[in-house]
Amino acid sequence: MRTPIIAGNWKMYKTRDEALQFIYAVSEQLPSSHLVESVICAPSFVLRCLVKRQGENLRIGAQNMHFEDSGAFTGEISAPMLKSIGVEYVVIGHSERRAMFNETDEAINKKLLTAFRHKITPILCIGESLAEREQDLTKAVLLRQLNADLVNITPQNAKKVVIAYEPIWAIGTGKTATVAQAEEACAFIRQTIASLYNQEVADAIRIQYGGSVKVSNIHELMGQENIDGALIGGASLVADDFLTLVKAAL
Ligand code: PGA
């Protein structure tokens, strides 16, 4: 049985005070992390602050990190830095980073390897653009990304990757993929993992759907066989909504 995982991706939102208000509102209300993993991926300046107050059932993640452990990389943050403040997850390869910060699959693969070296759980984002979907290239894109992003990731580590299937056209647009589209893509991802590794890895790996997930559609998404959770942007900014989203995964 796979433990569901609900992760909020705050992107570049919330000041320190706003982040603290959120954490005080949710941390005591969350269900046991044995039943559902709840993660908030916050901007790096506030990570330490949140880790200190995360409570028993919330985990804190970063939204990005460099693949090198240290070096002359102005403005970047490394895995050992994140580890040193108690961050346990990191979003890797979000489509906004791929599109706006020129992140390549090669860099994403290095980041995954680095995350595992430091025992940080990666949430790997993959997904197609609208043009790719319209040209019926969704599966080809997912296959290309999985092949490139998972190079040299051992079966043991592959089991621990959280894959977020995020069709780019559904992110922040209010346009959710239909449940059938989401399930079809997630099932394809699981099948691909089985062929890249084996059935045991495919059965263990958790696959999230992301893209305009909200209180009104989470139940239906979570009801699908191959959807083990959600990566949520906009709706994760509101404490009550985040709590409802997490509880829907129970
Ligand atoms: P959204 O963002 O929920 O606001 O569509 C999802 C994401 O970018 O991870």
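All ligand and atom numbering here is 1-based and tracks the order in the structure. For the single chain, residues carry numbers from 1 onward in sequence order.
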Between S236 and ligand 1, find which residue part has any heavy-atom pair under 4.0 Å and reply side chain, backbone, both or neither.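 Contact part for S236 vs ligand 1: neither.
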Looking only at heavy atoms, is any part of I171 under 4.0 Å from ligand 1, and if so is it the side chain, the backbone, or both, or is it neither?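 I171 to ligand 1: contacts from backbone and side chain alike.
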Please determine which of V246, L243, I5 meets the side-chain contact (heavy atoms from CB on, under 4.5 Å) test together with S38. V246
What residue and atom, counting heavy atoms only, is the protein's closest point to [atom], and at what distance?
| atom | result |
| --- | --- |
| atom 7 (C) of ligand 1 | E166 OE2, 3.2 Å |
| atom 4 (O) of ligand 1 | G234 N, 2.9 Å |
| atom 6 (C) of ligand 1 | G233 N, 3.5 Å |

Subset of ligand 1 atoms that lie under 4.0 Å from at least one heavy atom of [X]:
| X | result |
| --- | --- |
| K11 | 2 (O), 7 (C), 8 (O) |
| G211 | 5 (O) |
| N9 | 8 (O), 9 (O) |
| A170 | 5 (O) |

Would T173 count as a polar contact of ligand 1, with the cut-off being nitrogen or oxygen pairs under 3.5 Å? no
Output yes when the distance from some N or O of ligand 1 to some N or O of G210 is under 3.5 Å, and no in every other case. no
Classify the angle between the aromatic ring planes of F22 and W10 as parallel (below 30°), tilted (30 to 60°) or perpendicular (above 60°). perpendicular
Ignoring hydrogens and angles, tell me if any N or O in the side chain of [X] forms a donor-acceptor pair with the backbone of [Y] under 3.5 Å.
| X | Y | result |
| --- | --- | --- |
| E76 | F73 | no |
| R53 | I23 | no |
| R190 | N226 | yes |
| R48 | F45 | no |

Determine, considering heavy atoms only, which of K214, Q63, H94, Q208 sits nearest to atom 8 (O) of ligand 1.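 Nearest heavy atom to atom 8 (O) of ligand 1 lies in H94.
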Charged N to carboxylate O under 4.0 angstrom, D149 versus R98? yes
Do E37 and Y89 have a side chain donor and acceptor closer than 3.5 Å? yes
G172: heavy atom below 4.0 Å from ligand 1, yes or no? yes
At a 4.0 Å cut-off, with the gap strictly under it, does some heavy atom of S95 reach an atom of ligand 1? no
Is the count of non-hydrogen atoms from other residues, nucleotides or ligands lying under 6.0 Å from M12 atom CE greater than 12? no
